[in-house]
Each structure stands twice: as structure tokens, then as C-alpha cells.
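Presented below is the structure to which this report refers.
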Number of protein chains: 2
Amino acid sequence: MGTTQLESVPEPKYWHLKTVIGEALDSEFQVGEILPNERELAARFGVARATLRQALEQLELEGRLQRRRGVGTTVAPPRVGVDVSTARHRWPGAGEESWQAVDCVTAPPPAAVLRLLEADDAPDGGADRPVYAVRRLRATHGQALAAEQLYVPAASVPGLVTSQSLTGPALARGVLRELERLPLEGQDRAVELGSARADDARELDRLPGAPVLVVTTRYLSGGRTAAVSLATYRADTCRLTFGDAGDLQIAS
Amino acid sequence: MGTTQLESVPEPKYWHLKTVIGEALDSEFQVGEILPNERELAARFGVARATLRQALEQLELEGRLQRRRGVGTTVAPPRVGVDVSTARHRWPGAGEESWQAVDCVTAPPPAAVLRLLEADDAPDGGADRPVYAVRRLRATHGQALAAEQLYVPAASVPGLVTSQSLTGPALARGVLRELERLPLEGQDRAVELGSARADDARELDRLPGAPVLVVTTRYLSGGRTAAVSLATYRADTCRLTFGDAGDLQIAS
DNA sequence: CAGTGGTCTAGACCACCGG
DNA sequence: CGGTGGTCTAGACCACTGT
């Protein structure tokens, strides 16, 4: 990656920089290789560090670079295809090895989730009814992919034995096990762009505000919403696939 | 007494700003309302304009704000739920009113698309075989939502009459019409984060590099890939829904 | 500890939009 | 034309990582 003459075109410098560096990544670098640090790159291209950073940010957003404070900037591997297909009609945790239940509390869900859970109930909101908040993590090859918050109203798992001292992971697994006893009638799913909350960011090994793909799933049983899942996937490393498109490989 | 815990983890200013402004949006502003300009907001919060902009960028990424050069910053309406479900098993253009075919040329597809199209063919790549590139736009209420590039190998539409002078939109509609005659056996679909190319950005009324959700669809017929679609949705305004989750409404 | 990326500042000029 | 957001600069300091 040599020094390149930046033309005086209406095209923003950082946009041109992004193109130049992107091409260099294809031709002169290998996955995992460390790039020169930002100060040197900026000097080499004759721009301010902030401008150089704007280009790197874009490349990171597109999953081509990976930057870590205190370490450096490395060439990222191609995005991982993560199956989130709804076709199998399964409850969360049923035969899924990639997810790991890590905790469960009875914290009240955020207002937006409450609206989904209680949409078909009395309009009093029912905010007093207990709701299990199951925390799960999804990983492959030791890499954290997603953090999920699964909200399960206690009414959905009446068989759950709560008298004994089930805590944390054990309680989480208990809730998931009870959920599987219900007949699953359907799922609603939506994907949108978001930014990682502080707790999600920590578990995904990212900084707060990092771009994530938020997958909202509503599990239906008995004509009602039996559970709501809010899963945040690392947008830089994940490509969500539906159906058997696991080998799709497209750059943006 | 020894060490007193004083702000062990200083929250970045822009992160705090984002929270403060976000709360103000909920309580003191209405959809469509214009915010004070960036220089005044920065002065009001006692920060540099660049820092204030970092907070606004995050809020725009989450779909809470809309900024337009020369105009100002406005409070954005909730994201539009856009149905991209694969369940209906339809060819593109079949009974879809929201899409509008605008053009069609026989340009060669990008390498990544070629790999999908020719995956099951001879490894020579077949780059010489003609491929129709249909351009479509998706809009609701006059708002552009997505721009799509649909690649259809000529071999998939043998019945298409090309002798007459079909051009642009007419040719595009012709290709789509012929596509519907094939038996559609399945679709592979993937969603990932990308940044808008210059041409997409223009049609989506965004600046180049704006965040988009890239939906890659592979249409299967006769055991082969009959067409490949690359659709870019505005990430700031769109929430992609699968199934009948049209009324899902979750903030990130 | 030295070196990395992350945050922040206080300016400047430019591209675009509306009146 | 004036006002807006978009780009860019040349610094500074901070938080984190590895050794």
C-alpha cells in the first residue's frame, strides 16, 4: 500500500481513501494481517488522522476491518453466515448448540417489549405480572456473535418449579425447558439496525454504540404471545441468513 | 477511609449527549419537528461541534433523527416495517405493487454475483454469457425505501423477444414477465449491513456511504440459480419483517 | 512501560437548500 | 443570498493492550 496522490475532485477525501485502502486490502493483505497504525497511515496519505479514521470506520462497518483499542487494525475475515431462519418453528434452545443460556432474572421488560407481550391482554398493561428475562449468548469458534434477551411471562411456563433455589443458568435452562412443552404455532421476526447498549457491547467484545443487527422475534402459542426475544448480532461480523443460504457470499 | 470510588468509568461525552438528546426527543419534540442547528446545540451543551455531531450520528443511525444538508435536523418518524418474507415463494414483480421497474441493461454482474449465478455451472465462469441487470425501486407514500439490482441470466428467460427495440423500463418488465413463467422452487436470503454505493445513495435520497441493509436473494428453479437480487434498504428508515410481524415495534 | 485506537477541541472551508 | 449540515485540519489527552 504505497502513497497515493489524492485528486482534487468533488469526491470527499475519506471516500476516496476508503476505495484505495479497500483495494489494497484485496490485493496486498491477508486476513488477520495488521495494518500500519492510524498516525502512520494518515501521514502516508497526507491527510489528518480524523479523515483517515472516517475511511477506516466505513471499512469496519462493512466488515472488512477490525479495530481494537490498544492492539491495532487488522484485516477481518469474511462475515459469518448465521442462520436465523424461522422455518424450523422451534422454541429457543431446542436443539441449538450455538446458544448458551447464561442467566435468568425476573426483571421487568422494557416498555416496547411489554407492548408486544400484552398486546392481546387487558389494556391495564399488566406490568405487575412477573416476567422471566433469560440471557443467552451465541458464539461460534469462540467468537461471540450475538447477545439475546428472552422475555418469558411466568404465565407461559406454569409448570416451572420456583420453590427450590434455582438461580442463574440453571433457572434459565429450566425456563427454556418448560417453554418447549408448549405448542409453538408461529413466529414473527423483524430485523433492524441498532447500536449496542453497554451490556451487550461488553459481551460482544465491542465498544458501546457499535452497530448491531437487532432481531426481534415473537413466539406465538395458543393465539397469544408466549415469549419475545431481542437478539443483537454484531453487524460487522455477521450476515443473517434465512433458509439454506449459508454459502451466500456478497460484499456490499 | 482510603480509596473512594469516583467515576471509575467516565462515560464518553457523546454517549451521554446521545442519551440526553434521545430523552428530549421523547418528551419535548414531535415527529417532523426541526431541532436547533448543530452550532447552537453544541454551544448549548458546552461541547465542540464534532462531539455533538457524534451524538447526532448515532441517533440518526438508530432512526430517531433525520439530517439533510442545507435544511436541518428533524425528528424522524418510527421506522417503516417492510415485508421481505420469503414464505410466499414468488418471483420478483409478481403482484408486488411497491416495486417499480425503472431500467434494464445487459451489463456484466459483479464478481460476487457471478459466483452465485455460475456456482453450479462449468468453472470457466461463463463471464461471456449475457446477463440482464434489472433495476427496481421500492417506495411507500412517496418515500424511497430500497433500490434493487436483479441479475437474470439470459438463459433463464429464453422466451424473451429481444429482436424488437425493447429498452429501459419496457425491457425490465419483459424480463420480469418471462421470469414468472418458470417454476420457482425456492429462495435463499441473507441480510447484512453495508454502505450505500453512490448510485444507490442518490436514489435513496441519502449521501454515499449511508448505512443500508443489504438483502441478497437467490431464486432457484430447475435446481439452478435462475436469478440473483441485491436489494439495499435504507437502514435508518426501514425495519425488515419476516412473516406477519408488520406491527412489531421495538427500539434498539 | 510504550504503542494502539478512542475521544475531544476550536477552528476553517465547502456543498447544498430555500427564500 | 444566508443558513444548514458535510468535510477537514492539527493538534491534545485518555483508555486500553500487550510485554
Side-chain angles (χ1 to χ4, degrees), chain A residues 6-19 21 32-61 65-76 195-196 198 201-202 205-211 236, chain B residues 6-19 21 32-61 65-76 195-196 198 201-202 205-211 236:
Chain A
L6 291 179
E7 309 164 6
S8 65
V9 290
E11 191 178 50
K13 278 188 185 177
Y14 79 91
W15 186 258
H16 188 244
L17 263 183
K18 180 194 135 184
T19 306
I21 299 178
E33 204 171 339
I34 303 181
L35 267 65
N37 70 55
E38 297 182 349
R39 288 162 181 85
E40 181 180 336
L41 278 180
R44 199 182 292 190
F45 286 108
V47 300
R49 189 175 156 223
T51 305
L52 185 272
R53 278 179 59 80
Q54 231 177 320
L56 296 188
E57 266 154 33
Q58 283 246 355
L59 289 168
E60 189 181 29
L61 200 77
L65 288 181
Q66 200 157 342
R67 301 147 87 202
R68 284 192 310 181
R69 167 156 52 178
V71 180
T73 302
T74 60
V75 181
S195 46
R202 189 167 10 87
D205 193 28
R206 301 263 69 194
L207 290 177
D236 56 341
Chain B
L6 48 112
E7 205 63 47
S8 64
V9 181
E11 194 177 46
K13 276 189 186 177
Y14 79 91
W15 186 258
H16 187 244
L17 263 182
K18 181 194 137 185
T19 306
I21 298 177
E33 204 171 340
I34 303 180
L35 268 65
N37 70 56
E38 296 182 350
R39 289 162 180 85
E40 181 179 336
L41 278 179
R44 195 180 295 188
F45 287 107
V47 300
R49 190 177 155 222
T51 305
L52 185 271
R53 277 179 61 80
Q54 230 178 320
L56 296 188
E57 267 154 32
Q58 283 246 356
L59 289 168
E60 189 181 29
L61 199 77
L65 287 180
Q66 198 157 343
R67 301 146 90 201
R68 283 193 308 180
R69 168 157 50 179
V71 179
T73 302
T74 59
V75 181
S195 47
R202 190 168 6 88
D205 191 29
R206 299 265 69 194
L207 290 176
D236 56 342

Counting only side-chain heavy atoms from C-beta out, which of D:dT9, C:dC8, C:dG5 sits nearest to A:V47?
D:dT9
Looking only at C:dG6, D:dG6, C:dC8, the nucleotide nearest the B:K13 side chain is C:dC8
Could you point out which residue of A:R69, A:R44, A:R53 forms a salt bridge (Lys or Arg N to Asp or Glu O under 4.0 Å) with A:E38?
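The passing option is A:R53.
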Let me confirm one number: the [atom1]-[atom2] distance from [X] to [Y], rounded to the nearest 0.5 Å.
X      : Y      : atom1 : atom2 : value
B:D236 : B:R206 : CG    : CZ    : 4.5 Å
A:H16  : A:T51  : NE2   : OG1   : 14.0 Å
B:Q66  : B:L56  : CD    : CG    : 13.5 Å

Output the rounded distance in Å from [atom1] ([X]) to [atom2] ([N]).
X     : N      : atom1 : atom2 : value
B:E40 : D:dG5  : CD    : C1'   : 15 Å
B:Q54 : C:dT9  : CD    : C1'   : 12 Å
B:L17 : C:dT9  : CG    : P     : 9 Å
A:N37 : D:dT17 : CG    : P     : 18 Å
B:L52 : D:dG6  : CG    : P     : 12 Å
A:L35 : C:dG3  : CG    : P     : 19 Å
B:E60 : D:dG5  : CD    : C1'   : 10 Å
A:F45 : D:dC8  : CZ    : C1'   : 17 Å

Side-chain N or O of [X] closer than 4.0 Å to phosphate OP1/OP2 of [N]:
X     : N     : value
B:T51 : C:dT9 : yes
A:T73 : C:dT4 : no
B:Y14 : C:dC8 : no
A:R53 : C:dG6 : yes

Going through the distances and angles, do A:T74 and A:R68 end up as a side chain to side chain contact (heavy atoms under 4.5 Å, CB included)?
CA-CA 8 Å; A:T74 60; A:R68 284 192 310 181; over 6 Å; no
Quick one: label B:L207 by what it contacts on the DNA or RNA (base, sugar-phosphate, nothing), any heavy atom closer than 4.0 Å.
sugar-phosphate
Does the side chain of B:P12 reach to within under 4.5 Å of the side chain of B:Q54, using non-hydrogen atoms?
no
Is the closest side-chain heavy-atom distance between B:Q58 and B:W15 below 4.5 Å?
yes
All N/O pairs under 3.5 Å across the protein-nucleotides 14-19 of chain C interface:
unit_1, atom_1, unit_2, atom_2, d
C:dA15, O4', B:R69, NH1, 3.4

